[in-house]
Every structure is written in structure tokens, then in C-alpha cells.
Amino acid sequence: MISIIDYDAGNIKSVEKALNFLGEEAIITSDRDTILASDGVILPGVGAFGDAMEKLNKRKLPQVIYDYVDSGRPFLGICLGLQLFFKESEESPGAAGLGLLDGTITKIPVLSDSGESFKVPQIGWNDIKINPDSRLLKGLPDNPYVYFVHSFYLHAADRNDVAATTQYNVAIDAAVEKGNIMATQFHPEKSSDAGLKILTNFIEMSKIKG
């Protein structure tokens with residue numbers, strides 16, 4: 001069973017639907033015992049960094065997340081979920097993130113160095129360059145297209161954590177992976193066959209008993 005953490009951050013039902021399509025039992029929950037008993041856990045989300053952390057804290061979910069991560073079982077963040085893995089975001093000064101990984105979350109600049117304008121938020125399909133060592137992204141074709149909806153982007157401090165990159169005015173770390181912690185800035189559940197393959201990889205990792 002895979003738990004999808006419920007903290008009123010949106011985009012939860014579409015993740016559940018994708019997992020069900022793949023034949024996986026999924027439950028949307030904020031219950032500590034249910035989450036800690038899960039084979040895999042997903043933290044999805046759309047919205048603002050500070051508001052999301054406030055909702056997580058209100059439900060006392062950060063400690064549940066830390067305890068689950070300590071179990072060594074797979075933990076996946078999606079979109080805002082990826083950003084919440086870090087200590088802070090330019091979007092919400094003063095709001096403390098989960099601090100699971102180290103890096104900066106910064107707004108995508110509207111203008112390039114050459115003066116070319118870019119629409120922010122970035123909404124739509126973009127190709128990614130995959131780190132061949134990634135377990136989450138294994139089996140994907142070269143430079144697959146995936147679906148993004150975001151205004152802020154990650155630059156990971158440890159380049160060994162980067163599972164995929166993309167380019168949208170600036171270089172963006174599109175996915176990260178460190179041990180059992182993994183996350184995508186894009187939406188696998190909205191990324192057609194490539195996204196379903198990513199979720200399948202996550203499900204398969206959740207079945208491995210350490």
C-alpha cells in the first residue's frame with residue numbers, strides 16, 4: 001500500500017488515480033499510523049511553500065515524515081512536494097521547510113540574460129536529461145518530455161542528488177534522489193507514459209523489503 005499525504009495542498013486525487021490505474025492500492029491520509037505502515041509514501045502538492053508548511057505543521061506531519069524517512073522505505077515528493085524537502089524557499093521568506101535535502105528554491109526569472117522573455121509560471125511539457133544512475137527514472141527513453149507547472153525551481157547543493165535536469169531560461173534540477181528520498185518538480189501523474197513508468201518504478205521500489 002502507498003499512502004498519499006493529505007494536507008489540503010491540492011493535486012492529490014490525480015496521483016491516487018494514476019496509482020490505481022497501475023493496479024496499486026493507494027490511500028489518501030494524514031494518519032500517523034497509516035503512513036508509517038505504508039510500503040511507500042508520496043507528498044504531492046500545488047500552492048505556496050509557506051502555506052503548505054503551515055498545513056503540514058498544523059497536522060503534526062513533519063515528524064511523521066521524518067520517522068517514515070528513517071524507516072528507509074521510499075518517499076516521493078511531487079512538484080511543491082519536492083520544494084518542501086528543502087530548508088526554505090524564496091517564495092515564503094521565514095518559513096522553514098522539511099530540510100531533508102540541501103539546496104535553494106528560487107523564482108524562475110522572467111527575462112534571460114539576452115533579454116528574451118519567459119512566461120512564469122512555466123506550464124507545459126519540457127524534456128529532461130536523466131542521470132543514468134537514477135532508480136526512479138530508470139527505463140525511460142533519452143530526454144523524455146514531462147509536464148511542469150511551477151514558478152520556483154531547485155538548484156541542489158549536492159550535485160550527486162540530482163536525478164534529472166531541464167532548461168527553462170535557467171538550468172533547473174527537475175528531479176532529485178538520495179537514498180530512499182526522491183522527488184520530481186514535474187508531475188509524473190500528468191506526464192503520460194513517461195510519468196506512468198516513473199510511478200511504476202516507485203511502486204516496484206516500495207515492494208522491496210530491506
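No experiment lies behind these values; they were computed from the predicted model shown.
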Supply the atom-to-atom distance [X] [atom1] to [Y] [atom2], rounded to the nearest 0.5 angstrom.
{"X": "Asp142", "Y": "Lys129", "atom1": "CG", "atom2": "NZ", "answer": "10.5 Å"}
{"X": "Trp125", "Y": "Ser191", "atom1": "CH2", "atom2": "OG", "answer": "5.0 Å"}
{"X": "Asn180", "Y": "Ser71", "atom1": "CG", "atom2": "OG", "answer": "6.5 Å"}
{"X": "Gln63", "Y": "Arg32", "atom1": "CD", "atom2": "CZ", "answer": "6.5 Å"}
{"X": "Leu196", "Y": "Leu19", "atom1": "CG", "atom2": "CG", "answer": "9.5 Å"}
{"X": "Ile203", "Y": "Glu25", "atom1": "CD1", "atom2": "CD", "answer": "11.5 Å"}

Quiz item: Between Arg159 and Asp173, does a side-chain contact (heavy atoms from CB on, under 4.5 Å) hold up when you go through it step by step?
Solution: CA-CA 9 Å; Arg159 306 312 295 163; Asp173 292 336; 2.7 Å; yes
Looking at every non-hydrogen atom in both residues, tell me the closest pair between [X] and [Y] and how far apart they are.
{"X": "Ser30", "Y": "Leu61", "value": "O-CD2, 3.7 Å"}
{"X": "Leu137", "Y": "Asn201", "value": "C-ND2, 3.9 Å"}
{"X": "Ile28", "Y": "Glu16", "value": "CD1-OE1, 3.6 Å"}
{"X": "Phe202", "Y": "Leu136", "value": "CB-CD1, 4.1 Å"}
{"X": "Ala174", "Y": "Phe148", "value": "CB-CZ, 3.9 Å"}
{"X": "Pro44", "Y": "Ile5", "value": "CD-O, 3.9 Å"}

Kindly check if the number of other-residue, nucleotide or ligand heavy atoms within 6.0 Å of [atom1] ([X]) is above 12?
{"X": "Asp193", "atom1": "CG", "answer": "no"}
{"X": "Phe21", "atom1": "CZ", "answer": "no"}
{"X": "Lys190", "atom1": "NZ", "answer": "yes"}

With a 4.5 Å cut-off on side-chain heavy atoms, are [Y] and [X] touching?
{"X": "Thr34", "Y": "Met1", "answer": "yes"}
{"X": "Pro188", "Y": "Val146", "answer": "no"}
{"X": "Gln122", "Y": "Val149", "answer": "no"}
{"X": "Lys207", "Y": "Glu24", "answer": "yes"}
{"X": "Ile2", "Y": "Ser206", "answer": "yes"}
{"X": "Ile108", "Y": "His150", "answer": "yes"}
{"X": "Pro144", "Y": "Ile128", "answer": "yes"}
{"X": "Ser112", "Y": "Phe118", "answer": "yes"}

Quiz item: Is Glu204 salt-bridged to Arg135, going by a charged N under 4.0 Å from an acidic O?
Solution: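 No, Glu204 and Arg135 are not salt-bridged.
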Please tell me whether [X] and [Y] are part of a single hydrophobic cluster in this structure, the criterion being side-chain heavy atoms less than 4.5 Å apart.
{"X": "Ile42", "Y": "Val46", "result": "no"}
{"X": "Val15", "Y": "Phe75", "result": "no"}
{"X": "Ile123", "Y": "Val120", "result": "no"}
{"X": "Val69", "Y": "Leu56", "result": "yes"}
{"X": "Leu43", "Y": "Ile12", "result": "no"}

Give a yes or no on whether the backbone of [Y] and the side-chain of [X] come within a donor-acceptor separation of less than 3.5 Å.
{"X": "Tyr68", "Y": "Gly40", "value": "yes"}
{"X": "Arg73", "Y": "Leu36", "value": "yes"}
{"X": "Thr166", "Y": "Asp127", "value": "yes"}
{"X": "Tyr153", "Y": "Ala171", "value": "no"}
{"X": "Asn131", "Y": "Val162", "value": "yes"}

Quiz item: Step by step, would you call Asp161 with Glu177 a side-chain contact (heavy atoms from CB on, under 4.5 Å)?
Solution: CA-CA 5 Å; Asp161 294 346; Glu177 188 173 329; over 6 Å; no
Exercise. Identify which one of Arg59, Lys55, Lys58 satisfies the salt bridge (charged side-chain N to carboxylate O under 4.0 Å, His left out) criterion when paired with Asp8.
Key: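 In the set Arg59, Lys55, Lys58, the residue that makes a salt bridge (charged side-chain N to carboxylate O under 4.0 Å, His left out) with Asp8 is Arg59.
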Practice problem: Could you tell me if the ring centre of Phe186 sits under 6.0 Å from that of Tyr147? | Solution: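 Between Tyr147 and Phe186, which both carry aromatic rings, the centre distance is not below 6.0 Å.
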Validation: residues 76-105 side-chain donor-acceptor distances under 3.5 Å, sequence neighbours left out:
unit_1	atom_1	unit_2	atom_2	d
Gln83	NE2	Phe152	O	3.1
Gln83	NE2	Gln185	OE1	3.0
Ser89	OG	Glu91	N	3.1
Glu90	OE1	Lys107	N	2.9
Glu91	OE1	Phe49	N	3.1
Ser92	OG	Gly50	N	2.8

